[in-house]
Enquirer: 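Here it is, the structure, as structure tokens.
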2 protein chains.
Amino acid sequence: MKVTLQTLAEKSGFSITTVSRALAGYSDVNEQTRARIKALADELGYVPNQAARRLQSQQSNTIGLVIPLTDDFSDPFFMELLTGVGRQASTYGYDLLISAHPPGDEEMEAYQRLVSGSRVDGMVLARTHINDPRIAYLKDANHPFVVNGRANVDDFPFIDVDGFRSFHMLTEHFIDYGHRDIAYIGCPPDLGYAAARQHGYEASLTDHGIPINQDYIVEGDLTKPGGVAAAQRLLALNQRPSAIIAGNDLMALGAMQVCRQQGLTVGEDIAVAGFDDIPLSSHADPPLTTVRQPIREIGYQLVDMLITLIRGDMLDESQRLIEPTLIIRASSGKPLN
Amino acid sequence: MKVTLQTLAEKSGFSITTVSRALAGYSDVNEQTRARIKALADELGYVPNQAARRLQSQQSNTIGLVIPLTDDFSDPFFMELLTGVGRQASTYGYDLLISAHPPGDEEMEAYQRLVSGSRVDGMVLARTHINDPRIAYLKDANHPFVVNGRANVDDFPFIDVDGFRSFHMLTEHFIDYGHRDIAYIGCPPDLGYAAARQHGYEASLTDHGIPINQDYIVEGDLTKPGGVAAAQRLLALNQRPSAIIAGNDLMALGAMQVCRQQGLTVGEDIAVAGFDDIPLSSHADPPLTTVRQPIREIGYQLVDMLITLIRGDMLDESQRLIEPTLIIRASSGKPLN
DNA sequence: AAAGTTATCCAAAACGTTTTGGATATTAAA
DNA sequence: TTTAATATCCAAAACGTTTTGGATAACTTT
């Protein structure tokens, strides 16, 4: 028993056109008729059919987001991002379409399905790589999209937390506490943000006249075991670092674990910091110093940008760097005297 | 520059009907023409317009999921569920529509938008309450839906981890380790699963002839501070419990914190267990004994059920209880001698 | 009074698909 | 040779909107 414009037209005695225009608020319909039609629509519970609308308007009023599927527990980062994106989308009257796929070919197919099937008007991307094929595809298809995170090129709209600033801040923090032997567990170099982060770390050292010690720079893979392996190498050095900055919290937690195993008390004998502020970090023992990126807020802003693009308007700034927040916890220890 | 059936018809010299039927695999089109048309479609990159399809077929090929928005960090549970649901949906060729809203009126509106706007063919619900208005609405609208978790009534399709079994198992586990003074921090009673869980706990005690001590049963609110408050009450008792079972991991972690503050070593002086197996639990100190529910798997099965309903087929079993997994970690301590 | 405005309405087209109900030509059966 | 069956095709309708391009009547202005 579904109610369409047709139904309303018959019951009200007006034409489909008038009903449609009355409901849409056009000025060429008598206020009295409009009131009558609106009342009738309410009474019968009229809800416009989306498919018909989309067919006619040639847009889906939907934005898409593909989340990469991993075997282990899903990434809280994406949940936050998704929450932000979904929330903001709905304030614009847009729906959010989700697709979960293991990275690789299947993921690319998902993008194609969403984009060329015109299921979505725009896409939100996250976790970009260098030479990301998804970006290439979307640019080529000339389909609106926004990205969280940078790649090696900058000719598309993105929002990123300032990786340089973040690691500059962390390093400053430790230098401020009197450390000079500060190690860095980096990110896989094919990740868009890897370089900026390392530069932030190095720049801070250089600012303070501390030479960059290549032994103190090791690469990690963003997992906890990766952090363990990296920290083991660092602690085996002749002169071990007095502070470790990891490219994310998971690796930092791995590093903390190694420290404990080797009899070092984190926050006293050695300082450790991470990046992300995952929920685990505040509950760790000791709680982990880290940098927080306002993921949900980023989600909001991504949608703002995307909708602007979808509407064909110009973006006032198509690249935004977000200021991160330093969160100092017990893993920093006390300033050395 | 979009390619429609019209385009293919003109270029191939056949009618729109024939092109459509050729592509759809109908037998009333010559194999040779079919081949020609298919080749042409490939060449021009034809992708059927979803909106038109949906309008014609009167279904959206989409399922919906509303996630409740909270102020703090998003719930990993929903991320897992969403991953499972999204994955399975795509194997059926269905899309997944997400809506994020703070619980309450706005949430209900989201359901209405999705359902009566026929944006989705079916809904997946989670975290149900007693007398859940969403269930009432969906039943009333006669719209296909499946639920993760039970409410007080059973006249709708759901999948739930067996709460009775879970807490029975946990209690058995502690009794097995020699405990008799086992406390229970419960869930808010308006949650659908609260009763079953407490029954599981009580039944296990009764099975072993241990009287149920009402002082050992306190209500929690599923948050960590709630666990703290509950544990403080328990530890203030004349005869404090030797083991605490909490209704979820978060409360268990809160309880562990209280124990530590009062000089008790969890895993030696007192045993603690939770439910959920959130990522935090395995990293806690000591790691927390808990019960895991296979959330992603539940997501798969929910979609199976939902699609069956959407197709109008009968469900062979419209209520499923899933067997939980007991995960014993150091917070259980050693068997008392 | 004629011409121009304004307010209010609507028929028909368009969006791109699928389905219905034949039409036509070809082949097989009577 | 006539009739029945089969293979292959297609025009038109339908799905529910929005938009286009007027039509009509009622006022206003010259």
Side-chain angles (χ1 to χ4, degrees), chain A residues 1-38 40-41 44-62 93 95 113 115-121 311, chain B residues 1-38 40-41 44-62 93 95 113 115-121 311:
Chain A
M1 227 317 305
K2 76 168 29 174
V3 183
T4 71
L5 285 183
Q6 173 81 272
T7 323
L8 297 183
E10 282 164 7
K11 302 241 179 200
S12 70
F14 291 97
S15 74
I16 292 186
T17 308
T18 302
V19 173
S20 171
R21 296 182 76 83
L23 262 20
Y26 279 78
S27 66
D28 66 351
V29 19
N30 187 300
E31 282 308 327
Q32 205 170 319
T33 21
R34 189 199 306 284
R36 254 208 305 253
I37 290 177
K38 273 197 170 160
L40 187 65
L44 301 187
Y46 168 72
V47 182
N49 178 300
Q50 281 309 305
R53 269 209 169 147
R54 289 175 185 180
L55 177 56
Q56 154 68 30
S57 70
Q58 295 288 69
Q59 41 180 344
S60 62
N61 278 306
T62 302
D95 287 330
R113 252 172 38 95
V115 169
S116 13
S118 45
R119 285 170 151 85
V120 300
D121 293 336
R311 295 189 173 150
Chain B
M1 227 295 314
K2 76 167 28 173
V3 183
T4 71
L5 284 183
Q6 173 82 271
T7 322
L8 296 184
E10 281 165 7
K11 301 241 180 200
S12 70
F14 292 97
S15 74
I16 291 186
T17 308
T18 304
V19 173
S20 172
R21 297 182 74 84
L23 261 20
Y26 279 78
S27 66
D28 66 351
V29 20
N30 188 299
E31 283 308 327
Q32 206 170 316
T33 14
R34 188 198 308 283
R36 253 208 306 253
I37 290 176
K38 273 196 169 159
L40 187 65
L44 302 187
Y46 167 73
V47 183
N49 178 300
Q50 282 308 306
R53 271 210 168 147
R54 288 173 187 183
L55 177 56
Q56 154 68 32
S57 70
Q58 295 288 65
Q59 42 181 341
S60 62
N61 277 308
T62 301
D95 287 330
R113 255 172 36 96
V115 169
S116 10
S118 46
R119 285 169 151 86
V120 302
D121 293 334
R311 295 191 173 149

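Just so we're on the same page: letters track the sequence lines, and every chain starts at 1.
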Enquirer: Could you give the CG-to-P distance, from L23(A) to dC9(C), as a whole number of Å?
Expert: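 To the nearest whole Å, that distance equals 14 Å.
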Enquirer: Closer than 4.0 Å, any side-chain N/O of Q58(B) to the OP1 or OP2 of dG16(D)?
Expert: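 Affirmative; the distance criterion is met.
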Enquirer: Please determine whether a side-chain nitrogen or oxygen atom of S20(B) lies at a distance below 4.0 Å from atom OP1 or OP2 of dT18(C).
Expert: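 Yes.
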Enquirer: Report yes if at least one side-chain N or O of Y26(B) is closer than 4.0 Å to OP1 or OP2 of dT19(C); otherwise report no.
Expert: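 Yes, such a contact exists.
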Enquirer: In whole angstrom, give the distance that lies between atom CD of Q32(B) and atom C1' of dC9(D).
Expert: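 Nearest whole value for this atom pair: 15 Å.
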Enquirer: Quick one: is T18(A) getting a side-chain N or O under 4.0 Å of the dC10(C) phosphate, OP1 or OP2?
Expert: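 So the side-chain polar atoms of T18(A) do come within 4.0 Å of the phosphate oxygens OP1 or OP2 of dC10(C), strictly under.
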Enquirer: Take atom NZ of K2(B) and atom C1' of dG16(C), then tell me their distance rounded to the nearest Å.
Expert: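 Value for this atom pair: 9 Å.
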Enquirer: Name the residue from T7(A), V19(A), L23(A) that meets the side chain to side chain contact (heavy atoms under 4.5 Å, CB included) definition with Y46(A).
Expert: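 Of all the options given, the one that passes is L23(A).
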Enquirer: In whole angstrom, give the distance that lies between atom CG of L5(A) and atom C1' of dA11(C).
Expert: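 After rounding, the reported distance stands at 15 Å.
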Enquirer: OP1 or OP2 of dG16(C) sitting under 4.0 Å from any side-chain N/O of T4(B)?
Expert: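 False: T4(B) side-chain N/O out of range (4.0 Å or more) of dG16(C) OP1/OP2.
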Enquirer: Tell me: CZ of R21(A) to P of dA11(C), nearest whole Å?
Expert: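 To the nearest whole Å, that distance equals 14 Å.
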Enquirer: Compare side-chain N and O positions of T17(B) against OP1 and OP2 of dC10(D) and report whether any pair is under 4.0 Å apart.
Expert: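 False: T17(B) side-chain N/O out of range (4.0 Å or more) of dC10(D) OP1/OP2.
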Enquirer: Is there a donor-acceptor pair under 3.5 Å between the side chain of R34(A) and the backbone N or O of Y26(A)?
Expert: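 Side chain of R34(A) to backbone of Y26(A): a pair is present.
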Enquirer: Side chain of Y46(B) only, heavy atoms from C-beta on: which candidate in dC10(D), dT17(C), dG16(D) is closest?
Expert: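 Looking only at heavy atoms from C-beta outward on Y46(B), the closest nucleotide is dT17(C).
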Enquirer: Answer yes or no: does a side-chain N or O of R53(A) lie under 4.0 Å from OP1 or OP2 of dT18(D)?
Expert: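 Yes.
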Enquirer: Just wondering, do N49(B) and T4(B) contact through their side chains at under 4.5 Å, heavy atoms?
Expert: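 When only atoms from C-beta onward are counted, N49(B) and T4(B) do not touch, as no gap falls below 4.5 Å.
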Enquirer: Nearest whole Å is fine: how far is dC15(C) P from Q50(A) CD?
Expert: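 Rounding to the nearest Å, CD of Q50(A) and P of dC15(C) are 20 Å apart.
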Enquirer: Looking at dG16(C), dC9(C), dA11(D), which one has an atom nearest to any side-chain atom of S15(B)?
Expert: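 Side chain of S15(B) sits closest to dA11(D).
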Enquirer: Please assess D95(B) against R54(B) for the test salt bridge (charged side-chain N to carboxylate O under 4.0 Å, His left out), listing each intermediate value before the final yes or no.
Expert: CA-CA 12 Å; D95(B) 287 330; R54(B) 288 173 187 183; 3.3 Å; yes
Enquirer: dA14(D) P sits how many Å from I16(A) CD1, rounded?
Expert: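 Rounding to the nearest Å, CD1 of I16(A) and P of dA14(D) are 13 Å apart.
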Enquirer: Given dT8(C), is OP1 or OP2 found less than 4.0 Å from the side-chain N or O atoms of N30(A)?
Expert: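 Answer is yes, contact under 4.0 Å.
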Enquirer: Is any side-chain heavy atom of V29(B) less than 4.5 Å from a side-chain heavy atom of I37(B)?
Expert: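 No, side chains not in contact.
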Enquirer: Can you tell me how far C1' of dG21(D) sits from CG of D28(A), to the nearest Å?
Expert: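 Interatomic distance, CG of D28(A) to C1' of dG21(D): 12 Å.
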Enquirer: Within the structure, does a side-chain N or O atom of T33(A) lie under 4.0 Å from either OP1 or OP2 of dC9(C)?
Expert: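 Looking at the OP1 and OP2 atoms of dC9(C), one of them is under 4.0 Å from a side-chain N or O of T33(A).
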